[in-house]
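Only a predicted model underlies this, so the values are computations on that prediction, with no experimental measurement involved. Here, residue 1 is the first one in the sequence, and each next residue gets the next number.
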Amino acid sequence: MARRIDVTGADGVRLAAWEFGDPAKAGAGPEEGTAPDAPGVLLLHGLMGRASHWASTARRLSARHRAVALDQRGHGRSEKPPEGAFTRDAYVDDAEAALEQLGLGPAVLIGHAMGALTAWQLAAKRPDLVRGLVICDMRASSLGGASQREWAEWFASWPVPFATLADVRKWFGEDDPWVERPNPARGEFYAEVMAESPDGWRPVFDPDQMLRSRETWVYDAHWEELAQVRCPALVVRGLDGELGRAEAQEMVRVLPRGQYAEVSDAGHLVHYDQPEAWLAAIEPFLDSLDAE
């Protein structure tokens with residue numbers, strides 16, 4: 001089960017958080033629910049993602065952790081203010097507010113792509129709130145202006161509205177020019193962020209807000225903040241993802257307490273492409289944190 005909890009983010013933006021697992025009843029054994037004092041885990045999706053993308057991971061972790069996934073501003077069921085801030089500070093402050101309002105800290109932060117950047121920036125800012133960090137397929141180097149232009153062109157190429165969810169799955173899993181070979185998991189990932197409208201299926205987010213979010217990090221490198229992370233940190237990359245092995249290993253070197261893992265037969269959407277291999281990569285790290 002997933003229970004919605006409303007959180008107030010920076011500037012009063014309304015955020016939807018989702019707690020996975022069944023809360024334990026008084027006197028219940030560990031197998032009968034998640035204890036209220038179980039160690040906290042906050043899961044942060046990437047750009048265009050939503051909390052439900054973490055469902056399988058969160059349910060697995062909820063056996064021993066209080067696992068909460070956050071719909072970040074502009075995403076999922078959280079508020080999408082037309083004139084709202086989509087800066088790095090806003091995303092980091094939202095995650096900070098979620099940890100404090102939910103009483104999760106000190107927590108493990110698990111982030112994918114943009115969510116991973118938010119996670120390590122928060123870990124650098126508030127080490128008292130973060131006891132461990134999992135960084136999934138996010139680069140620390142600058143991507144540059146060409147990358148932002150490519151994304152704007154890509155959004156413009158989407159054949160929206162889609163007539164059916166099957167069309168969504170086919171386009172993102174097969175027909176999208178960015179797809180090198182058929183990828184059903186990618187199709188499912190994007191089907192999860194579509195909502196039905198009178199004229200067909202459209203994304204639950206505003207592409208312009210996604211570009212505004214993205215432009216706040218693509219022009220800068222983030223090595224300095226990475227070096228400020230004092231807690232144990234695991235860098236995970238998909239073998240065919242966007243984070244190359246050399247850069248990932250350099251990130252591990254820069255992190256004061258960095259570790260490395262990679263998942264074969266996985267692209268950028270590591271936790272969606274290979275969910276069991278993803279869990280096998282992160283669970284020993286989480287176990288080591290719980291043993292401290």
S.K.: Nearest 0.5 Å, please: how far is NZ in Lys80 from CZ in Arg14?
M.R.: 10.5 Å
S.K.: Checking the side chain of Gln209 only, and the main-chain atoms of Pro81 only, is there a donor and an acceptor separated by less than 3.5 Å?
M.R.: yes
S.K.: Does a salt bridge link Glu283 with Arg60, judged by any charged N lying under 4.0 Å from a carboxylate O?
M.R.: yes
S.K.: Look only at the side chain of Arg73 and the backbone of Ala10, and say whether a donor-acceptor pair between them is shorter than 3.5 Å.
M.R.: yes
S.K.: If you look only at pairs with a residue in residues 154-163, which of them pass as a side-chain hydrogen bond (donor to acceptor under 3.5 Å, both in side chains), with sequence neighbours excluded?
M.R.: Trp154-Asp176
S.K.: With rounding to the nearest 0.5 Å, note down the distance linking CG in Leu47 to CE in Met138.
M.R.: 9.5 Å
S.K.: Using the test ring-ring contact (aromatic ring centres under 6.0 Å, His included), find all partners of His268 that sit at least two apart in sequence or belong to another chain.
M.R.: His112
S.K.: Taking the side chain from His271 and the backbone from Leu269, do they hold a donor-acceptor pair closer than 3.5 Å?
M.R.: no
S.K.: Could you tell me which non-hydrogen atom of Asp71 sits nearest to which non-hydrogen atom of Ala51, and how far apart they are?
M.R.: OD1-N, 2.7 Å
S.K.: Indicate yes or no for a side-chain donor-acceptor contact from Ser147 to the backbone of Leu143 under 3.5 Å, with no hydrogens or angles considered.
M.R.: no
S.K.: Is a side-chain donor or acceptor of His45 paired with a backbone partner of Gly111 at a separation under 3.5 angstrom?
M.R.: no
S.K.: Kindly indicate whether the side chain of Arg257, heavy atoms from C-beta on, has any atom under 4.5 Å from the side chain of Pro232.
M.R.: yes
S.K.: Taking side-chain contact (heavy atoms from CB on, under 4.5 Å) as the definition, give me every residue that meets it alongside Gln148, ordered by chain and number, with sequence neighbours left out.
M.R.: Leu211, Arg214, Glu215, Val218, Tyr219
S.K.: Checking Arg237 side chain against Leu243 main chain: does a donor-acceptor pair fall under 3.5 Å?
M.R.: yes
S.K.: Hydrophobic clusters join Ile, Leu, Val, Met, Phe, Trp and Tyr when side-chain heavy atoms are under 4.5 Å apart, directly or via other members; which others share one with Ile282?
M.R.: Val41, Leu43, Trp54, Leu61, Val108, Ile110, Val134, Leu234, Val236, Val263, Val270, Trp278, Leu279, Phe285, Leu286, Leu289
S.K.: Does Arg131 pair with Asp290 as a salt bridge, N-O distance under 4.0 Å?
M.R.: yes
S.K.: Go through the structure and list residues passing salt bridge (charged side-chain N to carboxylate O under 4.0 Å, His left out) with Glu180, not counting sequence neighbours.
M.R.: none
S.K.: Hydrogens and angles aside, do Thr118 and Arg88 bring a side-chain donor and acceptor to less than 3.5 Å of each other?
M.R.: yes
S.K.: Strictly below 4.0 Å, N to O, side chains only: are Arg139 and Glu242 in salt-bridge contact?
M.R.: no
S.K.: Does a donor on one side chain sit under 3.5 Å from an acceptor on the other, for His75 and Gln72?
M.R.: no
S.K.: Should the pair Arg64-Asp287 be classified as a salt bridge under the 4.0 Å nitrogen-to-oxygen rule?
M.R.: yes
S.K.: Determine yes or no for a side-chain-to-main-chain donor-acceptor pair under 3.5 angstrom, with His65 supplying the side chain and Ser62 the backbone.
M.R.: no
S.K.: For Thr8, does its backbone N or O pair with a side-chain atom of Gln101 as donor and acceptor, under 3.5 Å?
M.R.: yes
S.K.: Could you give the side-chain donor-acceptor pairs of residues 189-198 under 3.5 Å, partners two or more places apart or in another chain?
M.R.:
| unit_1 | atom_1 | unit_2 | atom_2 | d |
| --- | --- | --- | --- | --- |
| Glu192 | OE2 | Ser52 | OG | 2.7 |
| Ser197 | OG | Asp199 | OD1 | 2.8 |
| Ser197 | OG | Gly200 | O | 2.6 |

S.K.: Are Leu102 and Trp18 linked, directly or through intermediate hydrophobic residues, by side-chain heavy-atom contacts shorter than 4.5 Å (ILVMFWY only)?
M.R.: no
S.K.: So, does Asp11 use its side chain to make a donor-acceptor pair with the main chain of Gly84 at under 3.5 Å?
M.R.: no
